[in-house]
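Data first, discussion second: the structure below is written as structure tokens.
Reminder, nothing fancy here: chain letters follow the sequence lines and each chain counts from 1.
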Protein chains: 2
Amino acid sequence: MTEHSLWRFSRALHRALNERQFEVLAPLLDDDVDWRMYGPIDLFPFFGQRRGKLEVLDVCRQVADNIRVHRFDREAVMLGVDTAASMIRYSLTALDSNKPISLRLAHFAQFKAERLVSMRVVIDTFDMVEQVLGHPIELPQTA
Amino acid sequence: MTEHSLWRFSRALHRALNERQFEVLAPLLDDDVDWRMYGPIDLFPFFGQRRGKLEVLDVCRQVADNIRVHRFDREAVMLGVDTAASMIRYSLTALDSNKPISLRLAHFAQFKAERLVSMRVVIDTFDMVEQVLGHPIELPQTA
């Protein structure tokens with residue numbers, strides 16, 4: 001039984017983010033990979049859509065420039081033959097401010113021939129922005 | 001081949017939200033169901049954790065009081081024997097303001113004997129809050 005593509009991809013991604021070992025990640029990305037992290041692009045330029053291996057490596061470099069991953073807990077995971085989805089709780093440091101950030105995300109990944117062809121990431125972005133700011137966002141009562 | 005619990009649950013949930021047919025939803029909830037929608041509780045009291053059938057029915061009533069679902073597109077779905085995860089794009093109306101809201105969420109659900117025992121929902125909450133406010137949140141450049 002072969003290891004699911006998710007586990008190899010996850011190890012390579014975290015080595016890329018924390019140790020800048022992008023040469024381990026590159027061969028696991030399809031040339032035409034479709035990558036979407038939903039979130040406020042104006043605040044965090046690494047959000048949004050990227051297409052193709054070069055753009056995805058580039059955005060991973062941007063993420064690596066901004067954060068350090070201390071720990072992640074996979075709270076839920078589902079594996080299909082060539083698909084995977086997880087809910088993950090991350091403990092990070094924002095490198096510019098040295099602030100600890102704790103965030104929760106869900107991702108849906110699709111692989112083909114053991115390479116990533118599609119990644120979609122949804123993040124609890126309001127909580128993330130408040131932590132990066134270091135204080136609650138003041139808003140009128142809405143609900 | 002029986003229908004996956006997700007599909008029956010999804011139909012019942014949307015009937016509960018839009019038509020207030022909570023008696024269809026109730027028998028599909030485990031007595032001890034664990035329900036967590038991550039988001040800013042101060043702004044939207046229906047976020048947070050609920051435990052047990054009564055609390056979950058209650059929070060679904062709160063959601064039904066606040067929004068109307070117009071359309072949802074399941075952009076990704078994974079089904080296990082008793083588990084399911086989806087990424088869904090919703091088109092809603094906020095009932096108090098009559099504003100259209102479009103949001104993306106990911107959910108992980110677990111069933112036991114065809115009843116929901118666990119639900120976790122991650123939402124792109126920053127985008128959601130901006131839409132409810134009706135204007136961008138003004139923030140200092142952070143990244």
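- Annotation: residues 74-90 of chain A contacts chain B through A/Glu75, A/Ala76, A/Met78, A/Leu79, A/Gly80, A/Thr83, A/Ala84, A/Ala85, A/Ser86, A/Met87 [non-hydrogen atoms, separation under 4.5 Å].
- A salt bridge links A/Arg51 with A/Asp32: the distance from a Lys NZ or Arg NE/NH1/NH2 to an Asp or Glu carboxylate oxygen falls below 4.0 Å.
- Salt bridge present: B/Arg20 and B/Asp65 bring a charged side-chain N and a carboxylate O closer than 4.0 Å.
- Proximity to chain B is limited to the side chain of A/Val129, based on heavy atoms less than 4.5 angstrom apart.
- In this structure, A/Arg15 does not pair ionically with A/Glu23, as no charged nitrogen and carboxylate oxygen lie closer than 4.0 Å.
- Contacts of B/Ile123 with chain A are made by backbone atoms alone, with heavy-atom separations under 4.5 Å and no side-chain atom involved.
- Side-chain polar atoms of B/Gln110 and B/Asp34 form no donor-acceptor pair below 3.5 angstrom.
- The hydrophobic clustering, which links ILVMFWY residues whose side-chain heavy atoms are closer than 4.5 Å, places A/Leu43 and A/Tyr38 apart.
- Between A/Phe47 and A/Phe44, the angle of the ring planes goes over 60°, which puts this pair in the perpendicular group of the 30/60° scheme.
- Side-chain contact between B/Asp30 and B/Phe111 is absent, with no heavy-atom pair separated by less than 4.5 Å.
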